[in-house]
Amino acid sequence: MALKLYNTMGRSMQDFKPIDESEVGLYGCGPTVYNYAHIGNLKTYVFEDLLRRTLEYLGYNVKHVMNITDVGHLTDDADDGEDKMEKSARETGRTVWEIAEFFTRAFFDDTKKLNILTPHVSCKATEHIQDMIDLIKTLEDRGFTYEAGGNIYFSIDKFPDYGKLALLDRQKLSAGARIEVDSNKKNPHDFVLWFTNSKFENHAMLWDSPWGKGYPGWHIECSAMSRRYLGDQFDIHCGGIDHVNIHHTNEIAQTEAATGKKWVNYWLHGEFLVMNKAKMAKSAGNFLTLAVLEEKGYNPLDYRYFCLGGHYRSQLQFSWESLDSAKTARNNLVEKVRNLLEKGKKADISNIGSAAGKYCEDFRNSINDDLNLPKALAVVWTLLKDKEISEDEKLTLILDFDRVLGLDLENTASAEEKADDVDQKVLDLIEERAEARKNRDFAKSDEIRDTLKEMGIEIKDTADGTKWKKM
RNA sequence: GGCGCCGUACCCAAGUGGUAAGGGAGUGGUCUGCAAAACCAUGAUGCACCGGUUCGAAUCCGGUCGGCGCCUCCA
């Protein structure tokens, strides 16, 4: 079975066929670095990571590009809200450049903890201003722009296909229902390519351009940078579902207007994380970062496992209860892999038996089915319970599957085995307790168990002696 | 108001025409000084509700109720 992906363009499941078999071009919209990413943002990056890993698992050579939006964008209101980065800088007494640097680093710290593969190219908007200017000039030369009130606008009426991704032709474009329309716009859905007219003095990020000193509109950066690194046409563009209507719609208009060619073949969008019946957002008061989860004792990979439990195209309900269940499940999985590592030996995947091969096929069919990771996880659990499969084969298959799951099972399972960083005192106490148990002094034995628990060490008595692990 | 999506057990969640995956929790058991862990067993005659199509519907069609998102920066 070939890889099938749900393409937002056309709203249908389609067989994936790359433009060039030797390299798949993948572009994902990256973060705007004015604040920490919340776990809802991170859900989308986990999804994109699963997409990339799936493609690589299936043998494709992927070129993954992601932008870093380090030019500020507007906080609210049509085109005249305050710039998010400037606001963050003003509030914290740092420069916008420091803000961008700080939160870019924080973002990559988070993705690393989630075992998200680093994009082959991470490109900053501020380092590609010239590419954007060039693209705007092309649009200008081709007659898609107009100047009004000091800003350069894209005229959507010049681009007949406008809105095909978002099915906008089926919608009545009723802009201005919630915000005041910028009176400079010929069509309410026109958007700014270049601003020279900022409402705010001391706007720190300004560049020279043929239209005057100013800064780029938001949508142009993705068009310009994806084009630089992936060319005029490439395979897959993904991002959050909220980008369908405006951002991706505008990107398509700009890029296709400039090149005169179809741009991207597959558009994939990740659904939102939902908490207390609302999408996660700072304004909704349900803003959780990965750091908060860590403070509460969760491993970032618990959150990754949690994301694996739902399909990327479905909203995922966050609750502490469901995160707990993901944590327990991941711990159980790691425990099983640890046992397999102790007893089994990793074999060559091509030499497994036919019964085991069936699981390989099931797993592959699951991810081929538009990245059905919940189903793929079910395959893993069913495999673990199957008594017909040897432990060597189980280990081999699961470590192979983990190339997609990205749970870092081999390292996690073996790392927790190491005793290097444990206090000698802990080992002494365990020894002392064993002695007490031998003498049937259970009061003392239980007391030591409590002491160890306070030290963060959990113990269990098995037939092979007492085992312990960090909680 | 327009557009898109969703409603499956206590929780999370697959399943889009052939008789309900998986995980967590719970319960019972084995083991244990006890505990924990582990292992074994166990859960929807049912898929928001009503009607229709069909030999057959969670899945298709119509309606009702409820929820989410986008239309404004947003993952």
Side-chain angles (χ1 to χ4, degrees), chain A residues 8 11 28-32 34 37-48 69 72-79 81-84 163 166-181 188-189 218 238-247 249 269-274 277-283 305-306 308-311 313-333 335-336 339 362 366 369 372-382 385 437 440-443 445-446 449-450 453 458-463 467 469:
Chain A
T8 305
R11 313 282 162 132
C29 284
T32 303
Y34 70 101
H38 60 64
I39 59 175
N41 299 133
L42 294 170
K43 175 184 187 285
T44 298
Y45 298 106
V46 170
F47 143 59
E48 291 172 5
T69 301
H73 291 293
L74 311 166
T75 48
D76 51 47
D77 296 329
D79 289 322
E82 187 171 5
D83 178 305
K84 284 179 180 176
L167 308 177
L168 290 181
D169 53 329
R170 276 160 52 180
Q171 303 180 24
K172 287 181 183 138
L173 293 181
S174 58
R178 294 167 62 197
I179 55 159
E180 203 173 317
V181 177
H189 289 271
W218 178 38
C238 44
I241 193 162
D242 53 317
H243 282 151
V244 174
N245 264 288
I246 303 293
H247 182 50
T249 289
H269 294 96
E271 253 292 359
F272 280 134
L273 181 75
V274 174
K277 305 234 164 187
K279 72 165 180 172
M280 181 160 289
K282 205 174 182 187
S283 55
Y305 188 97
F306 173 79
L308 258 37
H311 192 273
R313 262 188 313 117
S314 298
Q315 288 181 352
L316 184 58
Q317 285 293 335
F318 180 86
S319 68
W320 295 108
E321 188 185 359
S322 51
L323 184 61
D324 280 340
S325 84
K327 177 182 177 167
T328 305
R330 189 186 71 88
N331 280 334
N332 289 345
L333 184 57
E335 188 67 32
K336 286 178 198 299
N339 289 336
D362 287 350
S366 302
D369 182 18
N372 193 331
L373 270 301
K375 206 168 168 183
L377 271 185
V379 173
V380 170
W381 287 107
T382 310
K385 282 188 293 192
R437 289 183 71 225
R440 302 190 71 78
D441 184 355
F442 298 121
S445 142
D446 290 351
R449 182 164 63 200
D450 289 343
K453 198 170 177 182
E458 194 173 53
I459 55 175
K460 54 182 176 179
D461 302 315
T462 72
K467 294 201 172 182
K469 70 171 181 183

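Here is the naming used below: chain letters follow the sequence lines, and residue numbers restart at 1 for every chain. As the structure is a computational prediction, the values presented were derived from the model and not from experiment.
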| request: Choose from B:G23, B:A35, B:A75 the nucleotide whose nearest atom is closest to any side-chain atom of A:Tyr45. | output: B:A75
| field | Straight-line distance of A:His189 NE2 to A:Asn245 CG, nearest 0.5 Å | value | 9.0 Å
| field | Toward the 5' end of RNA chain B, by each residue's nearest nucleotide, A:Asn41 or A:Arg11 | value | A:Arg11
| said: Please report the interatomic distance SG(A:Cys238) to CD(A:Glu48), rounded to the nearest 0.5 Å. | reply: 4.0 Å
| Rounded to whole angstroms, how far apart are CG on A:Asn245 and C1' on B:A75? | 15 Å
| Secondary structure of RNA chain B in dot-bracket form (Watson-Crick or G-U wobble, distances below 3.5 Å, | marking inter-strand pairs) | ((((((((.[[[..)..(...]]].(((((.......))))).....[[[[[..)....]]]]])))))))....
| remark: From the candidates B:A38, B:A25, B:G33, the one with an atom nearest any side-chain atom of A:Thr328 is B:A25
| Taking atom P in both B:A21 and B:G33, what distance in whole Å separates the two? | 39 Å
| From A:Leu273 atom CG to A:Leu42 atom CG, the distance as rounded to the nearest 0.5 Å | 10.0 Å
| said: Do A:Leu333 and A:Tyr305 make a side-chain contact, defined as non-hydrogen atoms from C-beta onward lying under 4.5 Å apart? | reply: yes
| query | Would you call A:Trp381 stacked on B:G22, i.e. ring centres under 5.5 Å apart with the planes less than 30° off parallel? | reply | no
| query | When you check the phosphate oxygens OP1 and OP2 of B:G23, does a side-chain N or O of A:Lys385 lie under 4.0 Å from one of them? | reply | yes
| message | Could you check whether A:Lys327 pairs with A:Asp324 (Lys NZ or Arg NE/NH1/NH2 to Asp/Glu carboxylate O, under 4.0 Å)? | response | no
| field | Spacing of the P atoms in B:A58 and B:A44 (rounded, Å) | value | 16 Å
| request: Rounded to whole angstrom, note down the P distance from B:G63 over to B:C68. | output: 22 Å
| message | In whole Å, I'd like the distance from the CD1 atom of A:Ile241 to the P atom of B:G69. | response | 12 Å
| Is A:Asn332 touching bases, backbone alone, or none of the nucleic acid, heavy atoms closer than 4.0 Å? | sugar-phosphate
| Donor-acceptor under 3.5 Å (A:Lys43 side chain, A:Glu271 main chain) | yes
| task | Find the distance A:His243:NE2 to B:C5:C1' and express it as a whole number of Å. | result | 18 Å
| query | What nucleotide, of B:C71, B:A35, B:G23, holds the atom closest to the side chain of A:Arg449? | reply | B:A35
| query | Roughly how far apart are A:Cys29 SG and A:His247 NE2, rounded to 0.5 Å? | reply | 3.5 Å
| request: Select base, sugar-phosphate, or nothing to describe what A:His38 touches, counting heavy atoms under 4.0 Å on all strands. | output: base
| What integer number of Å spans the C1' atoms of B:G2 and B:U45? | 42 Å
| message | With a 4.5 Å cut-off on side-chain heavy atoms, are A:Gln317 and A:Ser322 touching? | response | no
| First of A:Ser445 and A:Phe272 reached from the 5' end of RNA chain B, by closest nucleotide | A:Ser445
| Which one of A:Thr44, A:Asp242, A:Leu316, A:Asn41 satisfies the side-chain contact (heavy atoms from CB on, under 4.5 Å) criterion with A:Phe272? | A:Asp242
| query | On a whole-Å scale, what distance lies between the C1' atoms belonging to B:A20 and B:A9? | reply | 11 Å
| task | For B:C12 versus B:A25, give the span between their C1' atoms, rounded off to a whole number of Å. | result | 11 Å
| query | How long is the line joining OH of A:Tyr34 and C1' of B:A75, in whole Å? | reply | 11 Å
| said: Return the CG to CZ distance between A:Leu308 and A:Arg330, rounded to the nearest 0.5 Å. | reply: 11.5 Å
| query | For the pair made of CZ in A:Phe442 and C1' in B:A36, what is the distance, rounded to whole Å? | reply | 16 Å
| task | Nearest whole angstrom, please: distance from the P of B:C3 to the CG of A:Leu167. | result | 11 Å
| task | Using atom CG of A:Asp441 as one end and atom P of B:C34 as the other, report the distance to the nearest whole Å. | result | 16 Å
| field | Separation of B:C3 P from A:Ile246 CD1 (nearest whole Å) | value | 16 Å
| query | How far, in whole Å, is B:G23 from B:U64 if one measures between their C1' atoms? | reply | 34 Å
| request: Only counting residues at least two apart or in another chain, list the ones meeting side-chain contact (heavy atoms from CB on, under 4.5 Å) with A:Asn339. | output: A:Glu335, A:Glu342, A:Lys343
| said: Closest approach to the side chain of A:Lys279, judged atom by atom: which nucleotide of B:C70, B:C39, B:C68 is it? | reply: B:C70
| Letter per nucleotide, 5' to 3', of nucleotides 11-16 of chain B [B base touched, S only sugar-phosphate touched, - untouched; heavy atoms, 4.0 Å] | SSSSS-
| query | From B:A75, B:G33, B:C71, pick the nucleotide closest to the side chain of A:Arg437? | reply | B:G33
| query | Which whole number of Å gives the distance between the C1' atom of B:G52 and that of B:A57? | reply | 11 Å
